[in-house]
Amino acid sequence: MTLSVSLGHRFGGFSLDVDFEAPSGVTALFGRSGSGKSTVVNAVAGLLRPDRGRIVIDGTIVLDTAAGIALPPHRRRMGYVFQDGRLFPHLTVRQNLLYGRWFAPRTAGVELPRIVDLLGIGALLERRPGGLSGGEKQRVAIGRAILSNPRLLLMDEPLAALDEARKAEILPYLERLRDELGLPILYVSHSVAEVARLATTVVLLEAGRVVAAGPAAAVLADPGTAPVVGLRETGAVIAARLAGQDDDGLSRFETGGGPLWLSRVAAPLGAVLRLRILAQDVMLAVERPKGISALNVLGGLVEDIRIGEGPGAMVRVRVGEELLLARITRRSVGVLGLAPGKPVFAVLKAVSVAEENVGGAG
Amino acid sequence: MLDALSADEWRAVELSLRVSLWATLVSLPLGIFVAYALARWSFWGRQILNGLVHLPLILPPVVTGYLLLLTFGRKGFVGQYLDQWFGIVFAFRWTGAALAASVMAFPLMVRAIRLAVEAVDPKLEEAASTLGAPRLWVFATVTLPLILPGIIAGAILAFAKAMGEFGATITFVSNIPGQTQTLPSAIYAFLQVPGGEPQAFRLVLVSIAVAMAALLLSEWLSRAVARRIAGG
């Protein structure tokens with residue numbers, strides 16, 4: 001499936017002008033609040049009529065302002081999970097889940113028992129939304145959207161209204177959706193952590209413009225994205241296979257750049273996980289450091305250096321097949337004589353990858 | 001108490017109930033439509049429609065009754081055609097009393113339902129449309145159930161108002177026993193004849209009882225429906 005979006009819209013002092021393609025998998029629309037993310041999603045859903053635009057999904061034109069085509073929301077088949085759930089208060093959870101079934105094409109599609117099981121909401125079916133917790137409501141809302149058998153699932157900051165514990169509760173369900181249903185998802189978020197865990201493709205928005213788009217690993221490891229993402233939040237995502245659990249509380253991973261030891265991660269051996277490694281946690285050295293407490297020293301080549309406006313610099317290092325980002329000072333760049341093509345060693349403490357930055361594969 | 005009413009008095013009570021019931025039921029769909037339109041749509045003439053709906057609340061009832069007579073009377077500019085083409089006559093019939101009652105009660109009904117519509121989050125209706133539901137279906141399955149308490153409140157308010165309608169009714173369809181003599185008209189008529197006060201008083205008691213029953217019923221229904229909607 002491919003979603004192609006081209007939109008222009010003006011309101012107040014804000015102008016939106018975006019153009020992007022979303023292939024299968026999870027495409028994250030990422031940007032700060034006010035960057036136009038929700039406007040894009042609402043236009044795709046048909047809840048907002050943009051000044052100009054063309055939206056095509058799998059060859060079906062749902063919007064083409066030039067040709068005077070604008071399908072109403074109910075004919076677009078875009079499942080929408082809203083930030084605030086929006087469950088129907090007068091219906092039970094089961095009735096909420098089945099609401100879209102009346103209109104969904106009878107062909108194939110996913111069945112209620114499977115979704116109920118996938119989202120862990122079996123015990124809630126006969127209850128009404130009023131008595132559910134925030135996390136439960138959101139899971140029901142996700143199930144309701146999926147069961148309407150949409151072409152595409154739109155999720156507008158589905159976790160933003162939840163506390164950290166609830167987010168941690170729902171993220172694994174979202175990963176399962178992505179991996180087991182193969183339903184394409186357009187996921188709006190301003191949280192890099194969520195994007196790093198879920199996205200296969202990232203579209204970076206700033207002030208109504210697309211500033212970067214492409215495979216998640218590439219976009220997140222682009223030094224140029226740091227100003228949009230935020231320096232402290234910038235970090236590359238690498239795929240790692242859990243290869244062993246050591247006795248002293250460490251987990252051993254195999255990555256495209258060599259072995260990596262991190263604090264114990266509870267996952268089956270052989271599982272391929274995504275690790276988000278923050279740029280500020282990575283040190284660089286031009287010689288292999290000795291007598292150092294950090295367990296992980298990965299050899300690689302400098303690919304790109306972006307000098308910031310302050311004292312900092314963002315360096316992209318290729319380690320085997322993977323990309324890492326390191327945030328160091330401009331002074332160090334000078335002292336070490338770093339330049340593209342120079343061999344370096346990236347140093348990472350085992351304890352520096354926090355639990356929320358370890359996610360399922362995809 | 002029931003034995004205490006004469007046949008004439010019973011007829012007035014029965015007529016009043018019939019007139020009010022029909023006035024309420026027939027105007028309800030239009031009331032829901034107008035309330036929804038006023039709450040949700042922006043269209044040219046919205047304020048004018050709002051004013052027209054509320055006019056009977058502010059005008060002297062005798063004026064409303066006279067306007068109805070001019071419009072729907074046998075020689076009225078609508079009434080003469082209704083008579084010629086469809087054989088429908090309002091003037092001096094109980095149907096005319098029902099028409100007068102529904103016009104007088106309409107603003108109360110619309111106000112109650114409009115408040116309920118405004119309390120429904122349009123985002124819920126948006127959510128329903130993204131699930132594939134066409135607009136009418138969204139209205140029937142989301143909006144309508146959520147405004148049901150307001151509809152019940154509005155209907156019962158309208159019923160109570162119709163039971164008490166006097167000015168417009170007596171102006172439009174006069175005071176014909178068994179045909180257009182509703183409770184208030186009957187009370188008025190009894191008060192006009194010497195020695196009629198005991199009969200008038202009995203009907204006053206009936207009026208009070210019906211009004212109280214309607215209010216209690218509306219409270220109970222609204223609460224039952226609200227409980228069903230919000231139930232955990």
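Order of the sequence lines fixes the chain letters, A, B, ..., with proteins taken first and strands second; residue numbering starts at 1 for each chain.
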Could you tell me which non-hydrogen atom of B:Leu131 sits nearest to which non-hydrogen atom of A:Ala145, and how far apart they are?
CD2-CA, 4.0 Å
On a heavy-atom basis, the closest approach of A:Phe103 and B:Pro134 is CE2-CD, 3.5 Å
Over 12 foreign heavy atoms within 6.0 Å of CZ, A:Phe11
yes
I'd like to know whether CZ of A:Phe14 has more than 12 heavy-atom contacts from other residues, nucleotides or ligands below 6.0 angstrom.
yes
Between B:Ala127 and A:Arg144, what is the shortest heavy-atom contact and its length?
CB-NH2, 3.9 Å
Between A:His90 (side chain only) and B:Thr141 (backbone N and O only), is there a donor and an acceptor less than 3.5 Å apart?
yes
NE2 (A:His74) with more than 12 external heavy atoms under 6.0 Å
yes
For A:Arg86, is it the side chain, the backbone, both or neither that has a heavy atom under 4.5 Å from a heavy atom of chain B?
both
If you draw a 6.0 Å radius around CG in B:Leu136, do more than 12 non-hydrogen atoms from other residues or ligands fall strictly inside?
no
Look at atom CZ of A:Arg75 and say whether more than 12 heavy atoms of other residues, nucleotides or ligands are closer to it than 6.0 Å.
no
B:Arg46 atom CZ, over 12 foreign heavy atoms within 6.0 Å
yes
Could you check whether any side-chain heavy atom of A:Leu47 comes within less than 4.5 Å of a side-chain heavy atom of B:Ser129, counting everything from C-beta outward?
yes
At a 4.5 Å cut-off on heavy atoms, which part of A:Leu87 comes close to chain B: side chain, backbone, both, or neither?
backbone
Measuring only between side-chain heavy atoms, which start at C-beta, is A:Ser148 closer than 4.5 Å to B:Thr130?
no
